[in-house]
Trainee: 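Please see the structure below; I have some questions.
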Amino acid sequence: MMNIVVCVSGGGTNLQAIIDGIADGKISNTSIAGVISNNKDAYALKRAENAGIKGVCISPKDYPDRESFNEALLEGVDKFNPDLIVLAGFLVNIPEAMVKKYRNKIINIHPSLIPSFCGKGFYGLHVHEKALERGVKVTGATVHYVDEGTDTGPIILQEPVRVLPDDTPEVLQRRVMEQAEWIILPKAIDMIAKGMNR
Ligand code: GAR
């Protein structure tokens, strides 16, 4: 059984896709040991609770500096003894010590086709605002391994999504979630659980 920890910051629709994927068998041989949020008000924590999964909040606000927060985050992850860490809308820079300790064991979902609209400052709705500003006709989502850079690790899966003429950032975000993120994130976890790396 592959033990995973899911790290979240907000609504947790990707967490929900993982919970549902495990329940309906789309993700095999995997169990969620715990959910970690940097934000105590994240609805994702409620989703964890509803599914009977242990959820903890580790917030930078509760620590005097970044270093002690980073240590607490790593300790929090270690406690669950995970085989894989899934960043599902986790809007925190992953500490280098964590990347080193869990090399090739951390994956992230990003709401664009990397290398477009990624890197520093590209997260959540901003990604879709930038895609619309640039006028791209196709966008999508990417699941990738996490390395020391921002969105620079090896790509596992990508799925394209059409941009439509009247899209707002919110409408496009929802389509990218429905047609790409909620499909490829569970699929990537299943692939890793089955021992296929890429
Ligand atoms: C998702 O669109 C995810 O791809 C994005 O945040 C959203 C979280 O939604 N992540 C990033 O932008 C990471 N750079 P959710 O909480 O409903 O899953």
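Remember, predicted model here, so these are calculated numbers, not experimental data. Residues: numbered from 1 along the sequence shown. Counting convention: from 1, in listed order, for ligands and their atoms alike.
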Trainee: Only heavy atoms of Glu181, strictly under 4.0 Å: list the atoms of ligand 1 that pass.
Mentor: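 Counting from 1, the qualifying ligand atoms are 1 (C), 2 (O), 3 (C), 4 (O).
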Trainee: Are more than 12 heavy atoms from other residues, nucleotides or ligands located less than 6.0 Å from atom CD of Glu67?
Mentor: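 No.
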Trainee: Quick one: does Tyr123 get an N or O within less than 3.5 Å of an N or O on ligand 1?
Mentor: no
Trainee: Does either side chain, that of Thr152 or that of Asp147, offer a donor lying less than 3.5 Å from an acceptor on the other one?
Mentor: yes
Trainee: Evaluate the criterion side-chain contact (heavy atoms from CB on, under 4.5 Å) for residue pair Val143 and Asn108; output intermediate values, then yes/no.
Mentor: CA-CA 6 Å; Val143 181; Asn108 178 49; over 6 Å; no
Trainee: To which protein heavy atom is atom 13 (C) of ligand 1 closest, and what is the distance rounded to 0.1 Å?
Mentor: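 It is Ile109 O, 3.9 Å.
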Trainee: Show the atoms of ligand 1 that are less than 4.0 angstrom away from any heavy atom in Asn14.
Mentor: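 With Asn14 as reference, the close atoms of ligand 1 come out as 1 (C), 18 (O).
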Trainee: At less than 4.0 angstrom from any non-hydrogen atom of Gly124, what atoms of ligand 1 do you find?
Mentor: 11 (C), 12 (O)
Trainee: So which heavy atom in the protein is nearest atom 14 (N) of ligand 1, and how far is it from that ligand atom?
Mentor: His110 ND1, 3.3 Å
Trainee: Should one rank Pro111, Gly12, Ala42, Gly89 by closest heavy-atom distance to atom 11 (C) of ligand 1, which comes out on top?
Mentor: Pro111
Trainee: Any luck finding a side-chain donor-acceptor pair between Asp190 and Ser28 under 3.5 Å?
Mentor: yes
Trainee: Provide, to 0.1 Å, the distance between atom 9 (O) of ligand 1 and the closest protein heavy atom, together with that atom's residue and name.
Mentor: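 It is Met177 CE, 3.4 Å.
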Trainee: Run the salt bridge (Lys or Arg N to Asp or Glu O under 4.0 Å) test on Lys101 and Asp78 for me, step by step, so that the C-alpha distance in whole Å, both residues' side-chain angles and the decisive distance to 0.1 Å come before the verdict.
Mentor: CA-CA 10 Å; Lys101 182 158 186 183; Asp78 283 345; 3.1 Å; yes
Trainee: Roughly how far apart are His110 NE2 and Gln158 CD, rounded to 0.5 Å?
Mentor: 10.0 Å
Trainee: Measure the distance from atom 17 (O) of ligand 1 to every protein heavy atom, then report the residue, atom name and distance (to 0.1 Å) of the closest one.
Mentor: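 Of the protein heavy atoms, Thr13 OG1, 2.6 Å lies nearest.
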Trainee: Pair Met2, Ile189 - check side-chain contact (heavy atoms from CB on, under 4.5 Å), show working.
Mentor: CA-CA 9 Å; Met2 183 172 79; Ile189 295 169; 3.7 Å; yes
Trainee: Please work out, at 4.0 Å between heavy atoms, whether the side chain, the backbone, both, or neither of Phe122 comes within that distance of ligand 1.
Mentor: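 The backbone, only.
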